[in-house]
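One structure is given here, and the rest of the page talks about it.
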Amino acid sequence: MKRLFKYLIISILAFGWSCSCDNNKPVDPTPDPEPISGEVATLYTTAADGSKVFVKSTSELVDASSASGNVVKITDEKFQTIDGFGAAMTWASCYNLLTMSAENRESFLRELFDVENGLGISLVRVSMGASDFNYEEYTWCDQPGMENFEVDPRDKDVVFPVLKEMYKINPKVRIIASPWSCPIWMKRRSVNDDSDFLSWTSGSLKPSCYQDYAEYFVRWIKAMENEGFNIYAVTVQNEPLNHGNSMSLYMTWQEQRDFIKTALGPAFEKAGLKTKILVFDHNYNYDNASGQKNYPLNIYKDPDASKYVAGSAWHNYGGNVSELDNIVANAPDKDIYFTEASIGTWNYNFSSCLINDFRDIFMGTLSRGGKGVTLWNMVLDENKGPYSPKDGSCKTCYGAVTLMTSTRTIGQRMTHYYNIAHASKVIRQDAVRVGTTGYSKSGISYQVFKNPDGTYGAIVLNETGDSQPISFAGSRKSVKCTLPARSIVSVIWKE
């Protein structure tokens, strides 16, 4: 009997031990869904620590119904149409490019503008006449009287050849043009002083010259288009609240409003120009200029001016991108473009510039309905030039890329290059931003766009200190991505 009891106890203990082990046995992880045969998404990854710099990889597509975990679902909601991303093809940028061998220059321009094998840049900015990145100051009508208007040889010999090579590679590139100053014979000292002001720096546009200056815009656009350059939009004045740029024109919102409604808008209409007119083109904080807050909104309030204006353009040298919330709330029907930002010796750090600029300039503009982004100089040399020797020019700026003058080859690619690359490589011209729902996490931001060819492009920013998984699911297919700590990842796939 004792022996039977002993065996019974042992059996019970053994059974209990066996059950306990089974209950605590780790559950097998859900197996990865079966990939769709032969179909992959293409990813581009840049980590803030430099361990990955626009590294290309692939991820297999799976059925959307199999997506699990941190899933972002794409909805049918549609937002703005995108014009593109790029940088300014300043005189300095074109000059540097022309010093390269023809073979090296073509190779680099293909890297930038080729839609299939390059970055596919489709939006650039040029100056109407000189900017602070020219050796000299000039417009295309420096002698008094519009009968003296003519294409300036400094642009014809330097800027035109590079733009023509650009258009051979991508004929769909759109140009936003901005004047740094009107011809100086059109200037007065200030709104309160009508005396002549024969200086390239500051001054105000004479009301008596409004018609001539509007004609200047029309002739400049037509001359450029005769060369084959698509002037998609113009801003009325670069940094109108900046007195101090080496080449500048101070223009209050009241002056810009009056110039547009009495001269510029009617001149465009009469000439049959389809070029968009953009107002402001300056900082989020309006340079703290007295009475200039809400600059574009004040112009929009005048229906005689507003009917000619497509939208506004912005820089980030003061204030915060959140100012665009104010603009969108009060003028939801007007376009928004970001047209200039710089990096330089005063702020450059690969890690912080890469992440912060992509968050604030690219994602910050696009999330508020922005249609495009251009940064400042595309190419500067290792001496940060050429630039104007006069006070008020930037002598400490970096280009998106650096030209090495000793070899006449492209050297370092800076953060602005990678910011542009991540957007333009997967978001094509005329893409539409689409809605998303699902996964949300602090430090992770993303946006999805549907391209004209039916592909989807997503840009993702991971500001956390950890690697993060994320999946994007359309109606039929899903792609899974791994986001390294503090990184940008761009994805493109066919739904």
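Here Trp185 pairs with nothing under the ring-ring contact (aromatic ring centres under 6.0 Å, His included) rule; sequence neighbours left out. In this view, Asp335 and Lys276 satisfy the salt bridge (charged side-chain N to carboxylate O under 4.0 Å, His left out) rule, not counting sequence neighbours. Listed by chain and number, the residues in a salt bridge (charged side-chain N to carboxylate O under 4.0 Å, His left out) with Asp152 are Arg154 (sequence neighbours excluded). Remark: Lys301 pairs with no residue by the salt bridge (charged side-chain N to carboxylate O under 4.0 Å, His left out) rule, at least two apart or across chains. Phe472 meets the ring-ring contact (aromatic ring centres under 6.0 Å, His included) test with Tyr446; sequence neighbours excluded. Applying the salt bridge (charged side-chain N to carboxylate O under 4.0 Å, His left out) rule to Asp453 yields the partners Arg428; only residues at least two apart in sequence or on another chain are considered.
Each salt bridge (charged side-chain N to carboxylate O under 4.0 Å, His left out) pair with one or both residues in residues 92-118, not counting sequence neighbours, appears once here: Arg105-Glu165, Glu106-Arg110, Arg110-Asp114, Glu111-Arg413. The stretch residues 365-388 participates, sequence neighbours left out, in these salt bridge (charged side-chain N to carboxylate O under 4.0 Å, His left out) pairs: Asp325-Arg368. Within the structure, salt bridge (charged side-chain N to carboxylate O under 4.0 Å, His left out) pairs that include any residue of residues 386-396 comprise Glu137-Lys390 (at least two apart or interchain). The salt bridge (charged side-chain N to carboxylate O under 4.0 Å, His left out) pairs that include a residue from residues 175-188 are Arg188-Asp194, Arg188-Glu255, where partners are two or more places apart or lie in different chains.
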Item checked: ring pair (Phe, Tyr, Trp, His ring centres under 6.0 Å) evaluation trace for Phe338 with Trp314 -> CA-CA 5 Å; Phe338 187 94; Trp314 298 84; 9.2 Å; no

Next item on the list: Determine, step by step, whether Trp91 and Tyr135 satisfy the ring pair (Phe, Tyr, Trp, His ring centres under 6.0 Å) criterion, reporting the C-alpha distance in whole Å, the side-chain angles of both residues, the deciding distance to 0.1 Å, and the verdict.
Entry: CA-CA 9 Å; Trp91 183 92; Tyr135 285 133; 5.4 Å; yes

Next item on the list: Show your working on side-chain contact (heavy atoms from CB on, under 4.5 Å) between Cys397 and Tyr387 and close with a plain yes or no.
Entry: CA-CA 10 Å; Cys397 287; Tyr387 48 71; over 6 Å; no

Notebook entry, point to check: Given the rule in the side-chain contact (heavy atoms from CB on, under 4.5 Å) test, do Leu461 and Phe362 qualify, once you have shown the distances and angles that lead to the verdict?
Noted result: CA-CA 11 Å; Leu461 179 63; Phe362 286 81; over 6 Å; no

Note to self: Is there a ring pair (Phe, Tyr, Trp, His ring centres under 6.0 Å) between Tyr167 and Phe113? Walk through the geometry before answering.
What the structure shows: CA-CA 9 Å; Tyr167 267 99; Phe113 296 104; 8.8 Å; no

Next item on the list: Go through the steps for Phe85 and Asn419 under the test side-chain contact (heavy atoms from CB on, under 4.5 Å), then give the verdict.
Entry: CA-CA 9 Å; Phe85 310 92; Asn419 287 158; over 6 Å; no

Item checked: Test log, rule side-chain contact (heavy atoms from CB on, under 4.5 Å), inputs Glu323 and Lys293 -> CA-CA 10 Å; Glu323 174 58 20; Lys293 184 175 174 57; 4.1 Å; yes

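The closest side-chain heavy-atom distance from Leu278 to Val234 is not below 4.5 Å. For the pair Asn245/Asn238, a side-chain contact is recorded, criterion being any heavy-atom separation below 4.5 Å from C-beta on. Within the 4.5 Å cutoff, side-chain heavy atoms of Leu112 are placed close to those of Met378. Contact of the Tyr337 side chain with the Thr374 side chain is not registered, since no non-hydrogen atoms from C-beta on lie closer than 4.5 Å. Annotation: side chain of Tyr398 is not in contact with side chain of Thr415 (no heavy-atom distance under 4.5 Å). Side chains of Lys206 and Asp196 form a contact here, defined as non-hydrogen atoms less than 4.5 Å apart. Residues Ser367 and Gln447 are in side-chain contact: their nearest non-hydrogen atoms beyond the backbone lie under 4.5 Å apart. At a threshold of 4.5 Å between non-hydrogen side-chain atoms, the residues Met363 and Ser445 count as touching.
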List the atom pairs, donor and acceptor, that lie under 3.5 Å between side-chain atoms in residues 170-180 and the rest of the protein, sequence neighbours left out.
| unit_1 | atom_1 | unit_2 | atom_2 | d |
| --- | --- | --- | --- | --- |
| Asn170 | OD1 | Lys172 | N | 3.1 |
| Asn170 | ND2 | Ile121 | O | 3.2 |
| Arg174 | NH1 | Asp83 | OD1 | 2.5 |
| Arg174 | NH1 | Asp430 | OD1 | 3.3 |
| Arg174 | NH2 | Asp430 | OD1 | 3.3 |
| Arg174 | NH2 | Asp430 | OD2 | 3.3 |
| Ser178 | OG | Arg125 | NE | 3.1 |
| Ser178 | OG | Arg125 | NH2 | 3.2 |
| Ser178 | OG | Thr235 | OG1 | 2.7 |
| Ser178 | OG | Asp281 | OD2 | 3.3 |
| Trp180 | NE1 | Asp132 | OD1 | 3.2 |

What side-chain donor-acceptor pairs closer than 3.5 Å can you find for residues 209-218, not counting sequence neighbours?
| unit_1 | atom_1 | unit_2 | atom_2 | d |
| --- | --- | --- | --- | --- |
| Gln211 | NE2 | Thr262 | O | 3.1 |
| Glu215 | OE2 | Arg219 | NE | 3.1 |
| Tyr216 | OH | Trp140 | N | 3.0 |

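Side-chain atoms of Ser190 and Asn192 include no donor-acceptor pair closer than 3.5 Å. Looking at Tyr317 and Ser342, their side chains do bring a donor and an acceptor atom within 3.5 Å of each other. Asn298 and Asn294 are not linked by any side-chain donor-acceptor pair at a separation below 3.5 angstrom, with hydrogens and angles left out of the test. Side chains of His315 and Thr339: a donor-acceptor N/O pair is present below 3.5 angstrom, by distance only. A donor-acceptor pair shorter than 3.5 Å can be found between the side chains of Thr139 and Asp142.
No donor-acceptor pair under 3.5 Å is formed between the side chain of Thr402 and the backbone N or O of Gly411. Using modelled atom types, one side-chain atom of Asn320 and one backbone atom of Ser322 make a donor-acceptor pair closer than 3.5 Å.
Rounding to the nearest 0.5 Å gives a distance of 9.5 Å between CD1 of Ile260 and CZ of Phe268. Of the inter-residue distances, the one linking Ser312 atom OG with Leu297 atom CG reads 8.0 Å to the nearest 0.5 angstrom. A distance of 9.5 Å separates OG in Ser306 from CD1 in Ile299, rounded to the nearest 0.5 Å. Met247 contributes atom CE, which lies 13.5 Å from atom CG of Asn242 (distance to the nearest 0.5 angstrom).
Taking both residues in full, the closest heavy atoms of Val379 and Asn96 are given as O-ND2, 3.2 Å, listed atom of the first, atom of the second, then distance. The two residues Gly86 and Ile420 make their nearest non-hydrogen contact at O-CD1, 3.5 Å. Residues Ala48 and Phe350 come closest through the heavy atom pair O-CD2, 3.5 Å.
Annotation for Lys261: atom NZ counts as buried by contact number, over 12 foreign heavy atoms lying within 6.0 Å. Shown here is Asn226, whose CG atom has more than 12 heavy atoms of other residues, nucleotides or ligands within 6.0 Å.
Between Tyr286 and the choices Tyr295, Phe280, Trp253, the ring pair (Phe, Tyr, Trp, His ring centres under 6.0 Å) rule is met once, by Phe280.
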